[in-house]
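Following: one structure in structure tokens, then a few remarks.
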Amino acid sequence: MTTLVPRTDTLTKDALAVLQPGFTGTRAPAWLLRRLEQGLASVGVFGRNVETPGQLAALTAELRAVRPDLLVAIDEEGGDVTRLEARTGSSFPGNLALGRVDDPDLTRAVAHELGRRLAACGVNFNWAPSADVNSDPGNPVIGVRSFGDEPGLVARHTVAYVEGLQAAGVAACVKHFPGHGDTAVDSHHALPRVDADLDTLRARELVPFRAAVKAGTKGVMSAHILLPALDAALPGTLSPAALGGLLRAPASEGGLGYEGLIVTDGIDMRAIAGTYGMEHGTVLAIAAGADAICVGGGPSDEDTVLRLRDALVRAVRDGELPEERLADAAARVRDLARWTREAAAGPDGPADEEVGLRAARRALTVTRSADRTPYTPPSPERPPFVAAFTPLANIAVGDLTPWGVAAELERLLPGTGTATYGAVEAAEDGTSALVANVLAAASDRRIVAVVRDVHRHYWMADALDTLLAARPDTVVVEMGVPQAQPSGALHLATHGAARVCGRAAAEVIAGRTAGG
């Protein structure tokens, strides 16, 4: 493949250094090793790259044999968004569950244990936590990924998470600056717009980010959202007013005074790629003040890396991007890599393998039927039937990771049955037919209806109402944002769909805890 400049050129090395690409496979492809030799300083790992912790540790060791000071980044929030445990579900509840408990020491302990496990796998940069204030309950992409809808609560847990993660030697990256919580559009698909004024932005969205900067977060991730009060033309990721101004400017000038690494959200997301193109978006982002470009949730091949590298080199040569800005960005990437190497040599702390389950149990909210009828758990002789009302997964969560309570109930009550019901079935056959199928499959067994953000899905709410009218003894488990009123003979709000959240709910349903 033809290159614009010799591979040893400083400009080319800097252009490679600011890219954080993903790749395909559970072993390092030859092209990736070759580009590491030539200046690539970061890679991102996703669920497709992870089979087991041991395999991931071997993969990162393979990469570091070529470049010892490599940043290995991952999108590991815990909860619904997990890459380390994408095939099994997370051992840690997500942010909403931690915010529900509202114990910063617990959040810090969860983040530290997560960081300890990442560090053991050779991962040293986590694109987490979400510091978004989930002010719009209909938000299609943040939801349970947020600690909550109150800025002060989100701020204190963001700080605790950053402290816990970085104490384990893993750099934190708070996201999505300047705040993705008040959006009704998923930036994976289109460009969201937030019409909040600057006073609202400072009193709500910026509160957690300001706290995280003060706490020493090593990374901040930009959001692909348009905030006309801040920049009427460019989304946050591409906006000098947002990145070089608001985020970098000192407090005396109304900014947050942040001096660490700024990384973009995935440059291949439609909000940028579908509007500006990946190459032009990459150049605009670096020019605006970003230091690293996240690539790889979608495209993950050598051609993509080379196209973005060459776009940056070309932009410098054409005068569109100052060479000093690119050099500064590359230096910040290398500085963070040095910090991770030094932090890895410091104290870590003992493992706490059960902290995630303890947190999930504490986050569980149990509401009993208003008629005060005592709840009787299903018996081992007549195990329950789980009806999983399943929405389409957003891209951040993905459809690889299992969720629900059926597997955990089966462990406690062998013979538990389950089936999945979705929007397509509701649209094609109607909710009455969908519920008739549930009743026929369940027969005389206790039904456990599992929902996820029932307040956002009309078909799901209709199906649940119809089911409860026919079987009022149904148990309802809400594994998303518990915005709707509790219903059912027993209503459990898990505040997230992590595996441990399912286990905590299953324990109550089966009568294995005092909560049941």
Side-chain angles (χ1 to χ4, degrees), residues 20 22-29 32-33 36 42-68 70-94 108-129 161 164-173 296-297 300 337 340-341 343-360 396-403 407-408 411 496-503:
Q20 295 189 342
F23 57 95
T24 301
T26 55
R27 295 288 306 273
L32 184 60
L33 299 175
L36 290 175
S42 311
V43 299
V45 294
F46 295 85
R48 61 178 179 255
N49 306 120
V50 183
E51 290 179 342
T52 66
Q55 168 269 320
L56 179 56
L59 170 60
T60 59
E62 184 181 12
L63 296 170
R64 287 203 172 89
V66 176
R67 188 178 183 98
L70 181 68
L71 277 179
V72 179
I74 196 168
D75 192 11
E76 181 57 57
E77 300 175 14
D80 290 31
V81 180
T82 178
R83 312 308 179 203
L84 193 60
E85 299 181 278
R87 289 168 171 77
T88 61
S90 182
S91 301
F92 305 94
R108 190 177 294 106
V110 166
H112 186 270
E113 177 61 21
L114 176 59
R116 188 191 66 80
R117 296 188 193 184
L118 290 175
C121 294
V123 176
N124 55 8
F125 187 32
N126 192 7
W127 293 317
Y161 197 108
L165 193 66
Q166 293 187 169
V170 176
C173 183
S300 53
T340 61
R341 294 189 75 182
D348 180 9
D352 189 352
E353 301 283 354
E354 296 297 311
V355 66
L357 181 57
R358 294 199 307 273
V397 174
D399 56 9
L400 175 64
T401 305
W403 68 282
E408 294 298 328
R411 187 176 59 83
R499 175 173 52 82
V500 287
C501 294
R503 179 173 172 181

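Here, residue 1 is the first one in the sequence, and each next residue gets the next number. Every value quoted in this text rests on a predicted model; they were computed, and no experiment measured them.
Nearest heavy-atom pair, C501 versus P93, reported as atom, atom and distance to 0.1 Å: SG-CB, 3.9 Å. Shortest non-hydrogen contact noted between A172 and F125 is O-CE1, 3.9 Å. Here the shortest heavy-atom pairing between S91 and R499 reads OG-NH2, 2.7 Å. Taking every heavy atom of both residues into account, G122 and V72 meet most closely at O-CB, 3.7 Å. Pairing each heavy atom of F46 with each of G22, the nearest pair is CE1-CA, 4.0 Å. The two atoms that bring A109 and V355 nearest to each other are CB-CG2, 4.0 Å, heavy atoms only.
The CD1 atom of I74 sits 6.0 Å away from atom CG of L56, with the distance rounded to the nearest 0.5 Å. The distance from atom CD of E113 to atom CG of L118, rounded to the nearest 0.5 Å, is 10.0 Å. One finds the CZ atom of F23 at 4.5 Å from the CG atom of L59 (value rounded to the nearest 0.5 Å). The CD atom of Q55 lies 8.0 Å from the CG atom of N49; values are rounded to the nearest 0.5 Å. Atom-to-atom distance recorded for R27:CZ and L32:CG is 12.5 Å, nearest 0.5 angstrom.
Contact annotation: the side chain of R117 never approaches that of P53 to less than 4.5 Å [non-hydrogen atoms, C-beta and beyond]. Within the 4.5 Å cutoff, the side chain of R83 has heavy atoms near those of the V81 side chain. The shortest side-chain heavy-atom distance between V50 and T26 does not fall under the 4.5 Å cut-off. Here the side chains of L357 and F92 are not in contact, with every heavy-atom distance at 4.5 Å or above. Counting only heavy atoms from C-beta outward, the side chains of D352 and R358 approach each other to under 4.5 Å.
More than 12 heavy atoms of other residues, nucleotides or ligands shown are found within 6.0 angstrom of CZ on R87.
A side-chain contact (heavy atoms from CB on, under 4.5 Å) with W127 is found for one member of Q20, E76, E77 and no other, namely Q20.
Looking only at distances, a side-chain donor or acceptor of N124 sits under 3.5 Å from a matching main-chain atom of L70. Remark: the backbone N or O of V123 is not paired with any side-chain donor or acceptor of T60 at under 3.5 angstrom.
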